[in-house]
Every structure is written in C-alpha cells, then in structure tokens.
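To start, the structure under review is shown below, and the notes come after it.
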Amino acid sequence: MLQDPKRYTVTAALPYTNGPIHIGHLAGVYVPSDIYSRFLRLQGKDVAFICGSDEHGVAISMKAKKEGITPQQVIDKYNSIIKQSFEDFGISFDNYSRTSAKVHHETASEFFKKLYNDGKFIEEVTEQLYDEEAHQFLADRFVTGTCPKCGNEEAYGDQCEKCGSSLNATDLINPKSTITGSKPVLKETKHWFLPLDQYDAFLREWILEGHKNDWKPNVFGQVKSWLDDGLKPRAVTRDLDWGIPVPVEGAEGKVLYVWFDAPIGYISSTKEWAQRQGKDWEPYWKSNDTKLVHFIGKDNIVFHCVIFPAMLKAEGSYILPDNVPANEFLNLEGNKLSTSKNWAVWLHEYLEDFPGKQDVLRYALTSNAPETKDNDFTWKDFQARNNNELVAIFGNFINRVVVLTNKYYNGIIPAPNEFSDVDEATLTEMRAYPAVIASSIERYRFREALGELMNLARLGNKYLADEEPWKMVKENPERVKTQMYVALQIAAALSVLSEPFLPFTAAKLKDILKLNDVPHSVQNMGIVDETLSFNDAERSSHKLSWNDIAVKHELIPANHQIGQAELLFAKIEDEEIQKQVNKLEATKTANNAANKKAEPQKETIAFEDFAKMDIRTGTILEAEKMPKANKLLVLKVDTGIDVRTIVSGIAESFKPEDIIGKRVSVLVNLAPRALRGVESQGMILMTENTDGKLVFINPDADGVNNGEMIS
C-alpha cells in the first residue's frame, strides 16, 4: 500500500453503452468510487476521478442488430442516457470520455504498436467459427450452443450463464450463429495474443505476496484461483467490423479486442482531462508517488488484476494499481439483476417516481452495499432506511436544531456560555468522527463509514434528548444558548462529513446553515467557468474541509444568521413502495410469458383414437375439500347427461366456494377410479397460465348448454 501519495488516479469501470444504468451499477462501482473521490477532495488531495463510455465490442454490435440501427446510433443514444444518469446522481467524475473519441483511438493504437514493436505479442493462426451466410467470423456472443460441462442448451461462446463456466466458442456442442441461426464452420484466421503465462511469476509476487494483506478477500481469492488454474495466452484482436482497427499490416478486417482497448480508456480519458486543465497527464499514470485505484464489479476482476496489469507491465512505463476494491453483485427482490429481462431499477426511471431523492437511493445502496458478498435490494428495505434512518435520525436532528434556533433566536446563532462536562465530551466526540470515518473509507469499507456518519447524527439527537433545551429555556435560558451552539456545531460537521455519501443533502444543509457565507479559509478547489466538468462548480463553494471538523475550535460562529428549516428527507408511504413492487411483478409476469415454452407434441394418434374421447360442457354444482388430502377437491358436476362426482387435484389453486357455478369441460367417458375411497367419474380439463397457475378450459360462448359435445 502506497503511503502518503502525492496524487490519486481513481478509475470507475467504463459502462457499456448498450443500455441505461441501473442500481446494480451504482451500488457496485459508481457510488463507492464517488464516495472515495469526494472524500479525498475534501482533504485537499490532488485527484483525477476518471471514467467514460465503453463503446466497442460485441455487446454494441448485438444491440445494433437487435434494434435495427447502426452501432454509432446505439452508442450516441446510450452515452447520453448514461452520462445524464451519472450527473443526476452526483457522480463527480473529473472527466467522462468515450472510447470512440479520437484521443482514445490514438492512445490505444499507440499502446498496441509499442507492445507489437517490442515483441510482446505472439502471432497465431487458429480455427474459429465462421458464419457462411453472414460472411463473417463469429465473436463469442454471436454463438450459442450446448455447454459441454452442464448441458445448458443456451450457453454463449464465452460463458455458460447457468453453471458459470468460462468457455471458448469452439467448445460448444451443436453451436449455431445468433445472426442467421445457421451452423457455423471452422475457418482459419490470424490473431495476436498476449502471453499471460509469461507474467505468472510477476503477478504472483505483485498480488499474492505484495497485496495479501490489503486487498479484499474476494478479489485476492479470485486472482489466486486464476493463477492456480494456469494462465494462457489471450487474444488481443478480434474479427469484427466495429472497434479500433489493428494498426499493423496484415490485420485488415480486425479490431482490438474490447478488453485490450477498454482499460486503455482510463488513460485516454485522463489525457483528455489533463489537456482541458492545462496539466501533464503522465504523472497520474507513470509516477511512483501516484496512487492508482480501480473501482469495478466482480465480473471485471480478472481484467483489472491480471490482464491490464500484464499489459502495463509489458509496456514498461506505467504504474500498477495500488488497490482494486471490487464489489460483489447486488440482486433485486431475491433475483439476479438482468438488463435483458428488464429485472432492474433503472436510474432514469427511479427519478421519475422519486424526484429529488437521489441521496435516498445512494444511502440505501451504500448501507446495503455488496462489499464482501452478494446482497439483495428490496423496496421495503429502501423504505425502512429512508423512514427509520434518514428521516428519523439525520433529518430529525437537523430539523430540531434549525427550528429551535429560529424560534429562540430568530435564526442567529447564540454565543455560548461556560461549557459543561457534557458539552465538552460531546464536542470532543464530534471531533473524532473525521478520523473514524476516514479510516473506514481508506480501507474501502463504505458501509461501515456511512454507519459512523449516522452515529454522529445519533450523537446530536442524544445530546438534544438528554439536555432538553425546550424545557431548559424556561428555567435557564442562558444554558440553552450553549446547548444550541453545541448542537449547531454538530449540524455543521454533518454538512461536511455527509458530502461524500449524500452530496445533495450536504449542499442543502450548507444552504440552510448558510455555511457558504462563513469566511473560513480553505483550499480553493476550482474556479467556476463553462469549460469545467459538471461537478467543478459544486466544488468551488466548499468552505469547510474534512480536517477542519477535527481541528477547528468553531465550525459555525456565534452571531451567524442561518436560514429557515427545510425538511432534508420526506417519509415514503406504503403506496409508493407498492407501486414499485407491482411494476416488478408485471415484469416477472411478462418474462414468464416470453420464456414459457410449449410442451413437445406427444406421439401421433389416429383420428379414431381421438374420436373415442367424449368431452362435454358442464357446470360445477358443489365443491369441498377431500379430508386429509391437501391437493384434492371433491366436485359435483352437471354434465348434461347426469350429475356425477369428480375428484380433481386443484385444491392448492382454488377455494371450493370460488368455483361453484364454474363452467368447465369434462372428459366423461374416462374409466372410473377410486381416490381415497371416493369414486371419480371423469376428468376436468385444465391448463397453466404464464404464472404457472391452473386455469379451467371452459366454454365461453353464450347459450351453450351442459352436455354439449366438444369436438
């Protein structure tokens, strides 16, 4: 771990521009990286917080084919949506670029040529799957087939999503092209490979020895597993028509593999930022006193901890990441998030339903962050964290402080009198929180850090509850001046320490306390002008820094005028939550309908066999549960021929009283059968709907009498 770095380069995984951003992305990568970067800035650190859209690769091509548009139209559409979502949720990137940008094409091409000229690649001719109808080689995701390990018939050419096995497209049994549906053939093609096996010793020493104590166990464990399985050469080029052309002779029709090209996007985005700021980009990537941190999800660990470091090592002039604090996955209401199945909470849709509640989602996702294991987001938990924590603890404390200050002193902070032992102890405890929270953030324990922030709000609530200024004001009004002064110091501390987690709330609280009008000296973090990135204007207004909370005698001075009370958080009602649950249920129903496959046709029968069946319309006259049988109902059915007893296994789907009078179709010439001592004289025709629930096959035409034959 690098001690006391001179500068920080913080990267967040480049999102694919083949769809919008959902809560899984926010929880896994972007909120943690934003908390970390905001925290560093509040300490006056030199930070480059870098990201951008990943606009190459198969995912883009697949989306374009599906929507019937060009790849360029896909990336332009989703780049705009993604960038807006990041801005809406206060993700404070210093630069958000695109891998389709000229600077990135140049940077990635130069990087490849450097390794090529230095002899770092191996060139191989291999056989790959080729679609003769489409006249193109098939990238991994354009091939499906049967997984050789688990038998899943819908495995992709790079991975089986059922058993999780990594595959090569040529491993699949009965492969087929997703473009034409035809069976591909093997055809020779030339590609360049990075021989990862040659970097095994370096990776073992750097990670398994050098970072065994400071990297997260889930990251360390996955890297160790990859190394123990044995590294193999990995292709850095692909036969595709969308991407960065391979910049050497004999590579026509080939592009850089997206996982070679994408991480270089961090470098090109840094170049873009540095040029705008009038800075030199190289120290942020090539100086040993720079701390490089990659924030990613667990599906990207191998690329950021094995492949990209091997690339950087091969190039020779770049620093390696100090840490890669990857999170696990966030599930949604007990099921895996899935963009293809629309099982997600999309950020742009969230703000339509919960306008102005960006911080509530940031809070809920951080307090339930999948830092060491997969976690589950539920709307009920979201509601509880808002109502029981943000409203009842944080918001309640601030509201009481501001309301009482305005009520007793017309919003002017009173000068304190002599501090009691309780006052001194409270202020001392308050001043300890910057270090406590910082310790958690620096160890990438953001959930723990957020808990400590809420403990500071709890400290404020406890102080007010114990001191009871609303009672003391009648007995000793001079004492109340000191109490309110102390409480306002805690409120000021919260306005600063909450900013990494709740930036919109922090800004609103500073405005209520009018902290931006208080003349504190602090490092200027940017000059507002139209050329700066979308968070620079926000940073220029900071007056108190992180460390001020621990060392300044007074955070907000006596005689300072504060504003009127405003609610920082509002209670979320059950109806709002139920609306979200209903939306997900509708999605689940639609998915079931789309995925439900008809049973295969049974063995062919002769017409004479069918003609033997006598199916009649009928009506259920009586229904009751079969004693000591959970699944059976005993029915009395008017078949038009007679009234007969039929035992049917539908008790788990229907209540007896709900089906009396129901019109049904009955197989009346089925041989009688005794079930638990009751003779059943026929069968009711049933099927299942898209939810897997039983439904009656019944005549819906008016004027059809019982006993009519169905043919």
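Hydrogens, waters and symmetry mates are skipped; everything else that's a heavy atom, side chains included, is used.
- Side-chain atoms of Y350 come within 3.5 Å of backbone atoms of K357 as a donor-acceptor pair (strictly under, hydrogens ignored).
- Using a distance-only test at 3.5 Å, with no hydrogens or angles considered, no donor-acceptor pair links the side chain of S269 to the main chain of G265.
- Between the side chain of E576 and the backbone N or O of E573 there is at least one donor-acceptor pair closer than 3.5 Å.
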Begin with the C-alpha distance, continue with both residues' side-chain angles, and end with the deciding distance and a verdict on side-chain hydrogen bond (donor to acceptor under 3.5 Å, both in side chains) for Q84 and D88. CA-CA 6 Å; Q84 187 62 53; D88 287 343; 2.9 Å; yes
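- For the residue pair R447/N368, the side-chain donor-acceptor check at 3.5 Å is not satisfied.
- Side chain of S85 to main chain of I81: a donor-acceptor pair is present (N/O by atom type, distance under 3.5 Å, no hydrogens or angles).
- Minimum interatomic distance between N399 and A565 (heavy atoms only, all atoms of both residues): OD1-CB, 3.8 Å.
- Judged by distance alone, the side chain of Q383 and the main-chain N or O of I572 form a donor-acceptor pair under 3.5 Å.
- N152 and C160 make their closest contact through ND2-SG, 3.5 Å (heavy atoms, listed as atom of the first residue, atom of the second, distance).
- Residues L584 and L332 are in side-chain contact: their nearest non-hydrogen atoms beyond the backbone lie under 4.5 Å apart.
- Screening Y16, Y78, Y96 for a side chain to side chain donor-acceptor pair (under 3.5 Å) involving S53 leaves a single residue, Y96.
- For the residue pair D214 and D322, the shortest heavy atom distance occurs at OD2-O, 4.0 Å.
- In this pair, Y36 and Y444 present their aromatic rings tilted. The plane angle is within the 30 to 60° band.
- Residues P15 and D54 are not in side-chain contact: their nearest non-hydrogen atoms beyond the backbone lie 4.5 Å or more apart.
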Does N375 form a side-chain hydrogen bond (donor to acceptor under 3.5 Å, both in side chains) with E328? I'd like the steps, not just the answer. CA-CA 8 Å; N375 270 358; E328 298 293 289; over 6 Å; no
Verdict with supporting geometry, R479 and D423, salt bridge (charged side-chain N to carboxylate O under 4.0 Å, His left out): CA-CA 11 Å; R479 170 65 186 147; D423 301 333; 2.6 Å; yes
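- To the nearest 0.5 Å, atoms NE2 (H553) and CD (Q489) are separated by 8.5 Å.
- Taking the six-membered ring for Trp and the full ring otherwise, the centers of F382 and F354 sit less than 6.0 Å from each other.
- For the pair N396/V391, no side-chain contact is recorded, criterion being any heavy-atom separation below 4.5 Å from C-beta on.
- Here the OG1-CD distance, from T482 to E467, works out to 10.0 Å after rounding to the nearest 0.5 Å.
- The closest side-chain heavy-atom distance from I50 to F93 is not below 4.5 Å.
- Under a cut-off of 6.0 angstrom, the local environment of NZ in K224 is sparse, with at most 12 non-hydrogen atoms contributed by other residues, nucleotides or ligands.
- Taking each heavy atom of L40 and V47 in turn, the nearest pair found is CB-CG2, 3.5 Å.
- The closest side-chain donor-acceptor pair between N79 and T17, if any, does not fall under 3.5 angstrom.
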For N406 and Q564, what are the C-alpha separation, side-chain angles and deciding distance, and is it a side-chain hydrogen bond (donor to acceptor under 3.5 Å, both in side chains)? CA-CA 7 Å; N406 277 281; Q564 295 295 315; 3.0 Å; yes
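- If you check the side chains of D548 and S545, you find a donor sitting under 3.5 Å from an acceptor.
- Note: F89 CZ to H348 NE2 = 10.5 Å, rounded to the nearest 0.5 Å.
- Separation of atoms CZ (F39) and CD1 (I437) is listed at 9.5 Å; rounding is to 0.5 Å.
- Using modelled atom types and a 3.5 Å distance limit, the side chains of K216 and N327 yield a donor-acceptor pair.
- Between L459 and N455 there is no side-chain heavy-atom pair separated by less than 4.5 Å.
- Ring centroid separation for the pair Y266 and H294 comes in under the 6.0 Å cut-off.
- With H22 as the partner, the ring pair (Phe, Tyr, Trp, His ring centres under 6.0 Å) test is satisfied by one option alone out of W343, Y30, F377, W346: W346.
- Nearest heavy atoms, T405 versus V401: OG1-O, 2.7 Å.
- Within the 3.5 Å criterion, the main-chain N or O of E333 finds a donor-acceptor partner in the side chain of D376.
- The ring of Y363 has its center no closer than 6.0 angstrom to the ring center of F501.
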Assess whether salt bridge (charged side-chain N to carboxylate O under 4.0 Å, His left out) is satisfied between R41 and D94, documenting all intermediate values. CA-CA 11 Å; R41 294 194 200 102; D94 288 294; 3.3 Å; yes
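- In this structure the side chain of V581 never reaches within 4.5 angstrom of the side chain of K380, judged on heavy atoms.
- For the pair L488 and L513, the minimum side-chain heavy-atom distance is below 4.5 Å.
- With rounding to the nearest 0.5 Å, the separation of NZ in K462 from CD in E429 is 9.0 Å.
- Remark: K471 does not engage E475 in a salt bridge, criterion side-chain N to carboxylate O under 4.0 Å.
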Set out, in order, the CA-CA distance, both residues' side-chain angles and the distance that settles side-chain contact (heavy atoms from CB on, under 4.5 Å) for Y409 and L404, then state yes or no. CA-CA 8 Å; Y409 314 112; L404 291 177; over 6 Å; no
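- The residues D374 and K336 are annotated as not salt-bridged, no charged nitrogen and carboxylate oxygen being separated by less than 4.0 angstrom.
- In terms of modelled atom types and a separation under 3.5 Å, the side chain of S495 and the main chain of K510 share no donor-acceptor contact.
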K579/E575 under salt bridge (charged side-chain N to carboxylate O under 4.0 Å, His left out): CA gap, chis, key distance, verdict: CA-CA 6 Å; K579 178 183 175 183; E575 293 76 15; over 6 Å; no
side-chain contact (heavy atoms from CB on, under 4.5 Å) for T9 and V293? Distances and angles first, verdict last. CA-CA 6 Å; T9 302; V293 182; over 6 Å; no
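- With hydrogens and angles disregarded, a donor-acceptor distance shorter than 3.5 Å links the side chain of H304 to the backbone of N300.
- Both cation-pi conditions hold for K298 and F329: the charged atom is under 6.0 angstrom from the six-membered ring centre and inside a 45 degree cone around its axis.
- With values rounded to the nearest 0.5 angstrom, R445 atom CZ is found 9.0 Å from E371 atom CD.
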Begin with the C-alpha distance, continue with both residues' side-chain angles, and end with the deciding distance and a verdict on side-chain hydrogen bond (donor to acceptor under 3.5 Å, both in side chains) for N582 and Q578. CA-CA 6 Å; N582 292 344; Q578 191 58 49; 2.9 Å; yes
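- Remark: D658 CG is packed, more than 12 non-hydrogen atoms of other residues, nucleotides or ligands lying under 6.0 Å away.
- Heavy atoms only, all atoms of each residue included: G451 and R458 are closest at O-NH1, 4.2 Å.
- E652 and N630 form no side-chain donor-acceptor contact under 3.5 Å, judged by distance and modelled atom types alone.
- Contact check for I82 versus P20: no side-chain heavy atoms found under the 4.5 Å cut-off.
- In this structure, the side chain of T426 engages the main chain of V422 through a donor-acceptor pair within 3.5 Å.
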